[in-house]
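Accompanying notes for the structure given below.
The sequence lines fix the lettering, A, B, ..., with proteins before strands; numbering per chain opens at 1.
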2 protein chains.
Amino acid sequence: MASLNPVTAFDVAQDLQQGIARGLSVPGARLESERSISQRLGTSRVTVREGLKLLEAEGVIYRSNRRGWYLTPARILYDPSRSAFFMDLLAGQGVTPFSRVLDQQTINADAPLAAQMGVSPGEPLLFLSRVRGAEDRPLCLDQVWLRSALLPGIAERNLEPSVSAVLREHYGQDYSRQTLNIRASTLTSAQAETLLAPVGYSCIRIDRLVRDGAGQVVECDTEIWRHEALQLSMDISPGH
Amino acid sequence: MASLNPVTAFDVAQDLQQGIARGLSVPGARLESERSISQRLGTSRVTVREGLKLLEAEGVIYRSNRRGWYLTPARILYDPSRSAFFMDLLAGQGVTPFSRVLDQQTINADAPLAAQMGVSPGEPLLFLSRVRGAEDRPLCLDQVWLRSALLPGIAERNLEPSVSAVLREHYGQDYSRQTLNIRASTLTSAQAETLLAPVGYSCIRIDRLVRDGAGQVVECDTEIWRHEALQLSMDISPGH
DNA sequence: TAGTGGTCTAGACCACCAT
DNA sequence: TGGTGGTCTAGACCACTAG
């Protein structure tokens, strides 16, 4: 009998996944509460949470901090090697996107940032910070540093919907020269708060340096994605 | 007094990170045991493990299953858009690489694989499975399916050190046309065993389809990396 | 305000690794 | 074989969310 052996975290994960497979939950729906699961399966809440975390790491479910566990909708397909218009990208995948500016100001490059961008410390940069997501679900934290010296008048332009569109149309930047760095990481407390996630939540971090025709850096970019929300998909071809 | 409040997982993580910053550990070295930490800080082992998991998710430390916690050496820098010779790639980064073949055989494509590769179900494919790592530390699980029909005699060749070198030299494949898919995932029990990780360990999964000049798929590839071991780094340029 | 998730305690047992 | 990590129990309290 299974009831003689302790219920394991794996058992919990399996039970929940069966429920999902049976259609008891639809994408985006909230799962049963932790206490309810533990009582139903006759196990402790610690074990239930371990089981939930297994599915979370897989990306099957996700957490909204202190709000509960939800069935993950389809991942966003994203090609970071091309400059995509975020709103169009998501709309094209059947979800309702949103983008909200958190901060926009001119700053002076500190030492680490200057080193990363290959500019002199203190050089003025236009900084822009945004949260982006689908429906009411925040998915991605986006920070951009633009080199004002190479982009005259950039601070006066409206960057709201799309930085890349402005750079393309007004400054002839085609994003054809980039350096991308991608790694798994975790959310700081500030990032977690913005993305409605617990501190330390797993994320994918994308760092981008965009160069102009002369090879000078014009834009530096950091995207922090909730790990379950993203599927990077890139087409590499000779003409690219 | 801090001793009046409970010691938190964050406190544990901070204490360990301070020890690391002070040079009490060197990259690759084993950390203090969990029980030792819990006694030293006056907290429970559960809290200690939560603290360790915070640093693990960040990639600062990693686990060797049932062996202990270790300080993570530098990440491997890897550009998946170029066909790299794994052994050279790692050697160039100052580590001693190894590659071990787990399995090599001719199989017939099942339905999902056939769909993914765009071939007929049942088509014969050469399958190759390898573990790869640095020093004695397994980092990556690599599975390759090669389309024998387009690569005559491939099954008789020695693919041991490098599949890409064989395809390049003998079949004129230059890996210039690829589709890459990258996402966060977790290790199955078999994968975990090979990578000396616990079941459900966070990983980065890279799926690759390589096409020849005519646009036909010649190779399908899956790489499963321990999440803390990898830093994807890509240069995108017009001539690429 | 009730119920939830987030966290911590203080144990326990087992399988496994290293010696 | 001793000590380790992996796991589970059975509580508890708090901050917060949702109604």
Per atom distances to the A9(A) side chain, the nearest of dC8(C), dC8(D), dG5(C) is dC8(D)
dT9(D), dC8(C), dG6(D): which one has an atom nearest the side-chain heavy atoms of T43(A)? dT9(D)
According to the Watson-Crick and G-U wobble definitions, with both distances under 3.5 Å, which nucleotide is paired to dG19(D)? none
Atom [atom1] of [X] to atom [atom2] of [N]: distance rounded to whole Å?
X: D136(B); N: dC17(C); atom1: CG; atom2: P; value: 15 Å
X: E34(A); N: dC8(D); atom1: CD; atom2: P; value: 15 Å
X: L196(B); N: dG6(D); atom1: CG; atom2: C1'; value: 16 Å
X: R66(B); N: dG2(D); atom1: CZ; atom2: C1'; value: 16 Å
X: E32(A); N: dG3(C); atom1: CD; atom2: C1'; value: 15 Å
X: D11(B); N: dC8(C); atom1: CG; atom2: P; value: 8 Å
X: W69(A); N: dG6(C); atom1: CH2; atom2: P; value: 6 Å
X: Q39(B); N: dT9(C); atom1: CD; atom2: C1'; value: 15 Å

Does a donor on one side chain sit under 3.5 Å from an acceptor on the other, for [X] and [Y]?
X: Q231(B); Y: N181(A); value: yes
X: E56(B); Y: W69(B); value: no
X: Q105(B); Y: D103(B); value: yes
X: R130(A); Y: S99(A); value: no

OP1 or OP2 of dC16(C) versus the side-chain N and O atoms of N65(B): is any pair under 4.0 Å? no
Interface with DNA chain D, restricted to residues 45-63 of chain B and to heavy atoms under 4.0 Å: R45(B), R49(B), R63(B)
Heavy atoms under 4.0 Å, any strand shown: does S33(B) hit a base, just sugar-phosphate, or nothing? sugar-phosphate
Assign R67(B) to base, sugar-phosphate, or nothing according to its heavy-atom contacts below 4.0 angstrom with the strands shown. sugar-phosphate
Pair R208(A) + E223(A), salt bridge at N-O below 4.0 Å: yes
Check the orientation of Y62(A) and Y70(A). Use parallel for under 30°, tilted for 30 to 60°, and perpendicular for over 60°. parallel
Would you kindly check if the NZ (Lys) or CZ (Arg) of R226(A) is within the cone defined by 45 degrees around the ring axis of Y201(A) and under 6.0 Å from the six-membered ring centre? yes
